[in-house]
Amino acid sequence: MNFFKYIKAVGTGPKSNRDLTKEEIKEAIEAILEKRCESEQAAAFLMLLRVKLESEEELKGCLETFDKYIKRENIPESIELGYSYDGKTKQPYIFPLYGEILKDFFKKYKDLKPFEIVISGDKLQPAKNGITVKEVAKTVSFENNIHFFNRKKYFKELSKLTSLRRKLYMRTIFNTVEKLLNPANSKYAITSAFHRPYVEKYNKLFGNNYENLLIVKGSEGSCEVFNNFKYWIKDKEEIIENP
């Protein structure tokens, strides 16, 4: 295929660069996932797209392309926790504790409908060298209300790009889109953002996939908090910030 046309669109310089249409970005991402272009071409495209800055349509097109490949299970009464795939370096993960805490909570408040926890993980991705969710899942036994989804199994096409992404050692469009892939058809989701523009970006990108989406300013790009924090939730068309 003529993959060069996508590289040219995003990498000919500030005066000539343009955003790809949704159909173009879907074709490009599909070619990368199916390895129908050279790895050097894929690397160049991902780097140049990042430098240009991805448009809303490009992000949505990437997520829609991912949907074609993801093998989902069905745990609708669950909350998906959207962690970054570059791991944590400063603070421990606390999600292994959630299972028992939730069981005790729902025993106490029997009038509430119980929900479960869904977490996704893979090998370390750029851009830092932290401990990943997958490494924790390999060594810790979870309560039966915590479900870990190994991306190598439910989305092998993206997982197989790990080596290429680590050679780039920079964030790409994948880092943004992969935070909430909804492998269990969860009704609810929590993820994190540090800057307000990303709060709006995540709501536009993921908001329609869940009944409720909560975004927190968490620890190291994760949805875990250890002290005072803020969170955002969308009420109708307005994003409400809560200190």
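These numbers were taken from a predicted model, which means no experiment stands behind them.
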Validation row: [X], [Y] side chains within 4.5 angstrom (heavy atoms):
X    : Y   : result
K179 : S84 : yes
F226 : I94 : yes
K187 : P76 : yes
T21  : E57 : no

Mind listing the closest non-hydrogen atom pair of [X] and [Y] along with its distance?
X    : Y    : result
R151 : L181 : CD-CD1, 4.2 Å
L180 : G82  : CD2-CA, 3.6 Å
I29  : F174 : CD1-CE2, 3.9 Å
I215 : S192 : CG2-C, 4.0 Å
A193 : Y198 : CB-CB, 3.9 Å

Derivation and outcome, side-chain hydrogen bond (donor to acceptor under 3.5 Å, both in side chains), residues S159 and Y154:
CA-CA 9 Å; S159 185; Y154 78 82; over 6 Å; no
Are the charged groups of E200 and K204 less than 4.0 angstrom apart, N to O?
no
Could you check whether E30 pairs with K26 (Lys NZ or Arg NE/NH1/NH2 to Asp/Glu carboxylate O, under 4.0 Å)?
no
Table please: side-chain donor-acceptor pairs of residues 233-243 below 3.5 Å, with sequence neighbours left out.
residue : atom : partner : partner atom : Å
E241    : OE1  : W232    : NE1          : 3.0
E241    : OE2  : K230    : NZ           : 3.3

For [X] and [Y], does a side-chain donor sit closer than 3.5 Å to a side-chain acceptor?
X    : Y    : result
E224 : Y83  : yes
N144 : K103 : yes
E27  : Y6   : yes

What about F155 and F149, are their ring centers closer than 6.0 Å?
no
Output field: ring centroids F3/F45 closer than 6.0 Å:
yes
Given the rule in the side-chain hydrogen bond (donor to acceptor under 3.5 Å, both in side chains) test, do E34 and Y69 qualify, once you have shown the distances and angles that lead to the verdict?
CA-CA 10 Å; E34 295 183 3; Y69 300 90; 2.7 Å; yes
For the side chain of T65 and the backbone of G61, is there at least one donor-acceptor N/O pair under 3.5 Å apart?
yes
Using atom types as modelled and distance alone, determine if a side-chain donor or acceptor of Q125 lies under 3.5 Å from a backbone N or O of N175.
no
Passes side chain to side chain contact (heavy atoms under 4.5 Å, CB included), C37 versus I32? Steps please.
CA-CA 6 Å; C37 62; I32 293 171; 4.0 Å; yes
Suppose we screen for side-chain hydrogen bond (donor to acceptor under 3.5 Å, both in side chains). Which residues come up paired with Y210, at least two apart in sequence or across chains?
E80
Could you list the residues that satisfy side-chain hydrogen bond (donor to acceptor under 3.5 Å, both in side chains) with T12, not counting sequence neighbours?
none
Can you spot which of N185, L63, D67 makes a side-chain contact (heavy atoms from CB on, under 4.5 Å) with N209?
L63
Among N212, L81, L213, which residue meets the side-chain contact (heavy atoms from CB on, under 4.5 Å) test with I190?
L81
Show me the pairs that pass salt bridge (charged side-chain N to carboxylate O under 4.0 Å, His left out) and involve residues 158-174, at least two apart or across chains.
R165-E178
Side-chain donor/acceptor pairs under 3.5 Å, residues 107-119, sequence neighbours excluded:
residue : atom : partner : partner atom : Å
K110    : NZ   : K107    : O            : 3.3
K113    : NZ   : E77     : OE2          : 3.4
E116    : OE1  : H147    : NE2          : 2.3

Please name all residues satisfying ring-ring contact (aromatic ring centres under 6.0 Å, His included) with F194, sequence neighbours left out, ordered by chain then number.
none
When clusters are formed by joining ILVMFWY residues with side-chain heavy atoms under 4.5 Å apart, either directly or through shared neighbours, do L214 and V225 land in the same one?
yes
Quick check on the hydrophobic clustering: are L164 and V51 connected, directly or via other members, by side-chain heavy-atom contacts under 4.5 Å?
no
Can you tell me which residue among K52, K22, R50, R18 is in a salt bridge (charged side-chain N to carboxylate O under 4.0 Å, His left out) with E58?
K52
